[in-house]
Q: 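I'd like to ask some things about the structure below.
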Amino acid sequence: MSVAVDRLVWVVAQLREHCPWTRRLTHAVLTEYLIEEAYEAVEVIESAPPANWPEGALADGTYEKLRLEMGDVLFQVVLHAAIAQGAGGFTFDGTAQAITDKMIRRNPHVFHADGSLREPQDLAAARLEDLEKNWERIKKTERAAGAAEAESAFTEVPAHLPALAAAAKVVDRAARQPVDPLPDPGPPPSGLDPLVLQDEGELGAELFRLVQRSRAAGLDPERALRQHLAVLRHDLSGTDPTG
């Protein structure tokens, strides 16, 4: 590890030993902070238009803001590792090793199985469409090697992901399968016009109008979408939609 990372790991270890507040922290208590710090990093990234990266972000200080937010995210990772290490679970080194091994395993177009870099001609021949198919195949192999799990577009979608983000992941993963397992959405409900969206600005406005209508009707849009995803998961994989 670098000197800076070693120093951070040492600082967190001292806080765990000598700071009464830090010593009381648990994985469960830190969950909300882990999510909050990730969202704050996303907020900085989305504060600048895509065309502003990277030159504009360097000039206007956005990269400096992102550096600080990423530090907060890294602190959460190191702190979780320190808590786990104290319980005899895993270390920060173990966390880094786990993701390194996974990236090598899931990117055979870049690495040999031993972790060494492939030959230049192999690297130059890699095609994006082949990589996406290979990525899905490797993940299926990994899942098969672990606990038995229903094969569906919902596999590995984090349970605590916000419903809208979860729905987007489900749709994307279903589209990458040989046959899309999701039902045809069909025409819009009676009284609603089909949407023809030009950009994310129009989409955002339409989503907000939908939230307004749902709240006027006394409905919770987040819960409604999450329940719909649970029903889809039940229909596709046979799992209990309430669990």
Side-chain angles (χ1 to χ4, degrees), residues 1-46 54 63-118 123 126 131-132 134-149 154-162 165-166 168-170 172-173 176:
M1 291 189 292
S2 72
V3 173
V5 174
D6 283 339
R7 179 72 171 172
L8 174 59
V9 171
W10 179 83
V11 165
V12 171
Q14 303 316 304
L15 289 173
R16 285 288 294 169
E17 182 175 355
H18 303 293
C19 173
W21 184 82
T22 308
R23 189 164 54 239
R24 294 176 57 205
L25 294 174
T26 65
H27 295 298
V29 169
L30 285 171
T31 299
E32 65 175 292
Y33 300 108
L34 181 62
I35 295 172
E36 180 180 326
E37 299 298 357
Y39 272 117
E40 289 182 358
V42 170
E43 183 177 1
V44 172
I45 293 172
E46 294 183 343
Y63 256 126
E64 175 60 16
K65 295 177 183 176
L66 183 59
R67 179 180 75 89
L68 298 176
E69 294 299 341
M70 287 299 182
D72 290 341
V73 173
L74 179 59
F75 176 73
Q76 291 295 313
V77 175
V78 175
L79 187 50
H80 276 281
I83 294 172
Q85 183 174 359
F90 59 84
T91 65
F92 180 75
D93 277 353
T95 303
Q97 187 63 54
I99 190 59
T100 298
D101 291 345
K102 180 187 287 187
M103 289 301 101
I104 290 173
R105 186 172 63 249
R106 290 189 175 181
N107 293 277
H109 57 287
V110 177
F111 304 103
H112 291 289
D114 63 2
S116 60
L117 196 63
R118 285 197 173 276
L123 296 173
L131 307 188
E132 291 176 345
N134 200 40
W135 182 271
E136 290 301 315
R137 179 186 59 79
I138 292 170
K139 288 199 295 184
K140 280 188 176 182
T141 301
E142 291 174 352
R143 291 194 295 266
E149 187 173 12
F154 293 86
T155 304
E156 292 187 353
V157 174
H160 294 294
L161 204 63
K169 279 191 174 292
V170 167
D172 288 345
R173 291 180 178 182
R176 290 198 297 266

Q: Assess, by modelled atom type and distance only, whether the side chains of D72 and Q76 contain a donor and an acceptor separated by less than 3.5 Å.
A: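 Side-chain D/A pair, D72 to Q76: absent.
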
Q: Please work out which of the three classes, parallel, tilted or perpendicular, describes the rings of W21 and Y33, given edges at 30° and 60°.
A: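 The rings of Y33 and W21 stand perpendicular, inter-plane angle above 60°.
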
Q: Would you say that more than 12 heavy atoms from the other residues, nucleotides or ligands in this model lie under 6.0 Å from the CZ of R7, or not?
A: no

Q: Nearest 0.5 angstrom please: L74 CG to L8 CG, how far?
A: 5.0 Å

Q: Would you give the length of the straight line joining atom CZ of F92 to atom CG of D6, rounded to the nearest 0.5 angstrom?
A: 9.5 Å

Q: Donor-acceptor check, side chain of R16 to backbone of L25, threshold 3.5 angstrom: yes or no?
A: yes

Q: Going by atom types only, do D93 and T91 share a side-chain donor-acceptor pair under 3.5 Å?
A: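 Side-chain D/A pair, D93 to T91: absent.
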
Q: Side chains of residues 63-71: which donor-acceptor pairs under 3.5 Å do they make with residues two or more places apart or in other chains?
A:
from, atom 1, to, atom 2, distance (Å)
E64, OE1, R67, NE, 2.9
E64, OE2, R67, NE, 3.4
E64, OE2, R67, NH2, 2.6

Q: How close do V12 and A82 get, heavy atom to heavy atom, and via which atoms?
A: CG1-CB, 3.7 Å

Q: Hey, could you give me the CG/CG distance between L15 and L79, rounded to the nearest 0.5 Å?
A: 8.0 Å

Q: Does the pair H109 and R118 meet the rule for a side-chain contact (heavy atoms from CB on, under 4.5 Å), with working shown?
A: CA-CA 7 Å; H109 57 287; R118 285 197 173 276; 5.5 Å; no

Q: Roughly how far apart are T100 OG1 and R105 CZ, rounded to 0.5 Å?
A: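 The CZ atom of R105 is 11.0 Å from OG1 of T100, to the nearest 0.5 Å.
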
Q: Step by step, would you call K102 with I99 a side-chain contact (heavy atoms from CB on, under 4.5 Å)?
A: CA-CA 5 Å; K102 180 187 287 187; I99 190 59; 4.2 Å; yes

Q: What side-chain donor-acceptor pairs closer than 3.5 Å can you find for residues 34-43, not counting sequence neighbours?
A:
none

Q: Quick check: does any side chain N or O of S116 sit under 3.5 Å from a backbone N or O of H112, one acting as donor and the other as acceptor?
A: no

Q: Considering all heavy atoms of both residues, which atom of A126 and which atom of L131 are nearest to each other, and what is their separation?
A: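 Reported closest heavy-atom pair: CB-CD2, 4.1 Å.
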
